[in-house]
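Report on the structure given below.
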Number of protein chains: 2
Amino acid sequence: MKLNTLAKRDRSGRGGANLRQIATELGVSMMTVSRGLRGSPEVSAVTRERILAAAERLKYRPNRVVSAFKTGRTGLVGVMVRPSKLYRCDLIEGIHDTLVAAGSLPVMHFSRTGGEAAPDAAELGCLHRLLDQRVDGIVFWPSDETVPNHYLEEVWKRGVPLVAVDRPLPHTRADFSGTDDVAGGRIAAEHLLSLGHRRLAILCGEPWVSTYADRRQGFVEAVTAHNATAACEKAGDDAVVCEQIECRNEAAIDESRELLSGRERPTAVFAVSDVLAAHVYEAAAALTLSVGVDVSVLGYADIPEAGLLRPSLSTVRQDFQEIGRNAARLLLDRIEGRNTADRARSIRITPTLVARQSTSAPNHH
Amino acid sequence: MKLNTLAKRDRSGRGGANLRQIATELGVSMMTVSRGLRGSPEVSAVTRERILAAAERLKYRPNRVVSAFKTGRTGLVGVMVRPSKLYRCDLIEGIHDTLVAAGSLPVMHFSRTGGEAAPDAAELGCLHRLLDQRVDGIVFWPSDETVPNHYLEEVWKRGVPLVAVDRPLPHTRADFSGTDDVAGGRIAAEHLLSLGHRRLAILCGEPWVSTYADRRQGFVEAVTAHNATAACEKAGDDAVVCEQIECRNEAAIDESRELLSGRERPTAVFAVSDVLAAHVYEAAAALTLSVGVDVSVLGYADIPEAGLLRPSLSTVRQDFQEIGRNAARLLLDRIEGRNTADRARSIRITPTLVARQSTSAPNHH
DNA sequence: CCACAAAATGTTATCGTTAACGATGATGGG
DNA sequence: CCCATCATCGTTAACGATAACATTTTGTGG
């Protein structure tokens, strides 16, 4: 009781004035002040000036809490991310920038699994907390773990728009902002092929991760397409071979070590993620193979560490900041009623190749 | 006008019920429901159960906007960071975790400089936006650029507590959570000295950055202390020499190249940041010196890339997650009225040494 | 100089919740 | 059996801003 009283905040003082105080000061009604401050055309220029001046003088700041109460718009957007994904801060930066430009702010919520018993309870809790704050919308970054969609159903029912980033949510009407990973896989293949590599390998990552699967698909498609063309042209045995290796991160070093030990070892390896590529570096080092000389290695994503590796890692860059901006734009279109379509909208950006030291023309041994 | 109407949200429906609906459903007053839901002891156990059940059934979710309006507590804490600092997401994670445990959520706001004309206008704008949202408190991560404190004065006047992280704000009553960088510098020196190095160098970074200055101070103090002791013991010319080089990041490669070119070059270099240490790597590579063999390199911070460098970088690790947690704790103590002291409180955690490959006993040439 | 539209301002009610206080019924001791 | 006491619940008003509607003022043409 006492503690509560102590902790209670003084709403009245706070150094800043409220509408009523400005109104009293100027001898006008609160409504006029409200209109004046929001730039309504209904108020005369002189009055507006007086109001603005008084607001400045009294250090008035609009109370978005009350405004939210009245208008139903809080100016807050929930951003829900698994902390394991947090290294991609540029995505959050992109979301932030677009939101701020529209007068909103992101509320962060990192979702952890709720222990072994309830692996998804945490995610539900996060959603509830965001919903309780009456956020205008939610950006959700799904992780590898499967997401139970009935949680999202509740968001939908409450009429709060939701956008998925990085990887789409299947069976949901949520909009999506991410990368065209099939194109990314194609770009990877084309880079290696154009360098002259004919014996390729791809480290596919976990097969159930949809983004990885897409990259693989694009890569394999491009190789197949190349073979079709090449066969026509040169009639023959110049066909590109492409070994596909499914493995999770932990097994990557061993797998790629085995891959690179064979006599007919590939001259270039495409790893579907930069982390995977780093593991290929390890394997190559153990076999005293020089990355970028004896074997080309190509990553995917362009994580900050990519440029710091030695040799620096060639990779397919995803512009996460742009993905974030797109996510925010999709969301704002919903929030501000510009997009009322039932169908989910989806924006995928095409990644770009960043050629660094780890890829070069094959060294015919 | 039309647009506005379209964009307006349906507060009533929303899939969820409000207090009144529960009250009507149960035939009790709204007040009883309010009390029951918040676990007030004034309501009987039976009634509480009925209320809780009804709330569950009607999918009631408390409206924190209105709650904030009434109680003056939004459950939101502003986190203001320069985007350049964003790579340290673990700090934000630490803040987040402690806040969530206390029923609050972080609102992120990245401050950019407002162009060349108004380098600090952006920061003021950020503060205003956070204040407008009526956040309960603000965590502020100052950057290298000097911060005009009169902005913070406004926060203070509004009675919103503010905590600085990473580097303290001079001339402010803001609480502070950071690292004991003087101790960190000492730890760095002791590590190198215990390995047997006697010719040291320190790359000091920009001298006006207080954290860098502290690290330097600790380092130099430890060396001096060592010399004092060593002089007593061995009477002599065994004295440790320590070259101090002030340089900003851009000049680091050239400076350390020059440093390592001399005949009496240091056997170990302490860089006051990991990024600086990475530049020493570059310089060493250019001189065909092997880091960790010919010259030891010690960094500071333990950025994620440190372990990925080859050889892996020994460094003085700052636990940013803990720093974040401390910041949130300091803030919550203010918000919840547990700390009403005028004086600023400050928590500095002692960093720890992470010995990896880049430091070893000197190789006497 | 009046009628009448347009511009400018004022009034009222309200959003969902809660603090403060008031009311009711039950319990129990004298 | 009555009144004090307590547990439980209800009523009222308010938080700050705003939509909707009502009202006053200004301007304009006849």
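Naming: A, B, ... by sequence-line order, numbering from 1 per chain.
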Could you check how far CG of B:Leu19 sits from C1' of C:dC15, rounded to whole Å? 13 Å

A:Leu99 side chain reached by A:Leu332 side chain, heavy atoms, under 4.5 Å: yes

Picking from C:dG16, C:dT11, C:dA20, the nucleotide nearest the side-chain atoms of B:Arg35 would be C:dA20

Rounded to whole angstrom units, what separation is found between the CG atom of B:Asn63 and the P atom of D:dG16? 17 Å

Per nearest nucleotide of DNA chain C, the residue lying toward the 5' end, A:Arg48 or B:Arg61, is A:Arg48

Rounded off to whole Å, could you give me the CE-to-P distance for the A:Met30 and C:dA8 pair? 22 Å

Test: A:Arg158 and A:Glu154 ion pair at under 4.0 Å: yes

Polar atom pairs between nucleotides 4-6 of chain D and protein, under 3.5 Å, N or O only, would you list them?
none

Choose from C:dG16, D:dA17, D:dC9 the nucleotide whose nearest atom is closest to any side-chain atom of B:Thr32. D:dC9

Would you say A:Ser111 and A:Val81 make side-chain contact, with heavy atoms under 4.5 Å? no

Does D:dT18 have its OP1 or OP2 closer than 4.0 Å to a side-chain nitrogen or oxygen of A:Ser34? yes

In this structure, how many angstroms lie between the C1' atom of D:dC9 and the CD1 atom of B:Ile22, rounded? 17 Å

Out of C:dT9, D:dT8, D:dG10, which has the shortest distance to the side chain of B:Ser44? D:dT8

To the nearest Å, give me how far apart CG (A:Leu26) and C1' (C:dT9) are. 13 Å

Between B:Arg73 and B:Asp136, is a salt bridge (charged side-chain N to carboxylate O under 4.0 Å, His left out) present by the stated rule, with each step listed? CA-CA 6 Å; B:Arg73 285 274 306 273; B:Asp136 297 330; 3.3 Å; yes

What's B:Val65 touching, base or sugar-phosphate or nothing? Going by heavy atoms closer than 4.0 Å. nothing

Between the first and last five pairs of the helix from C:dC1-D:dG30 to C:dG30-D:dC1, the angle of the axes, rounded to 10 degrees: 50°

How many whole angstroms separate atom CZ of B:Arg20 from atom P of C:dG16? 7 Å

Hey, is B:Arg334 close enough to B:Asp175 for a salt bridge, meaning N to O under 4.0 Å? yes

Residue whose closest nucleotide on DNA chain D lies nearer the 5' end, B:Val66 versus B:Glu42: B:Glu42

If each of A:Ser67 and B:Val43 is mapped to the nucleotide of DNA chain D with the nearest heavy atom, which maps nearer the 5' terminus, i.e. the 5' end? B:Val43

I want to verify a distance call: between C:dT11, C:dT17, D:dG10, whose nearest atom is closest to the B:Asn18 side chain? C:dT17

Taking atom C1' of C:dT18 as reference, at what distance in whole Å does atom CZ of B:Phe69 sit? 11 Å

Does the salt bridge (charged side-chain N to carboxylate O under 4.0 Å, His left out) test come out yes or no for B:Arg20 and B:Glu25, once each step is laid out? CA-CA 8 Å; B:Arg20 166 147 47 243; B:Glu25 174 98 358; over 6 Å; no

Phosphate-side-chain proximity, A:Arg38 and D:dA19, N/O vs OP1/OP2 below 4.0 Å: yes

Check for me whether A:Arg82 meets the cation-pi criterion with A:Trp141, that is, NZ or CZ under 6.0 Å from the six-membered ring centre and within 45 degrees of the ring axis. no

When the distance from CG of A:Leu37 to P of D:dA17 is rounded to whole Å, what number comes out? 9 Å

Looking only at the side chains, is there a donor atom on one of B:Ser44 and B:Arg48 sitting less than 3.5 Å from an acceptor on the other? no

When we call it a touch if two heavy atoms are under 4.0 Å apart, what does A:Pro62 touch: a base, just sugar-phosphate, or nothing? nothing

Under a 4.0 Å N-O cut-off, is there an ion pair linking B:Asp132 with A:Arg61? yes

Using the side-chain heavy atoms of A:Met31, tell me which of these nucleotides is nearest: C:dA19, D:dG16, D:dA19. D:dA19

List the steps and the verdict of salt bridge (charged side-chain N to carboxylate O under 4.0 Å, His left out) for A:Arg325 and A:Glu322. CA-CA 5 Å; A:Arg325 283 192 291 264; A:Glu322 180 67 16; 2.7 Å; yes

Phosphate oxygens OP1/OP2 of D:dG16: is one of them under 4.0 Å from a side-chain N or O of A:Tyr60? no

Considering just the side-chain nitrogens and oxygens of B:Thr47, establish if one lies under 4.0 Å of OP1 or OP2 belonging to D:dC9. yes

Contacts of A:His96 that satisfy ring pair (Phe, Tyr, Trp, His ring centres under 6.0 Å) - sequence neighbours left out: B:His109, B:Phe110

A:Lys70 has its side chain closest, among C:dT14, D:dA19, C:dT17, to C:dT14

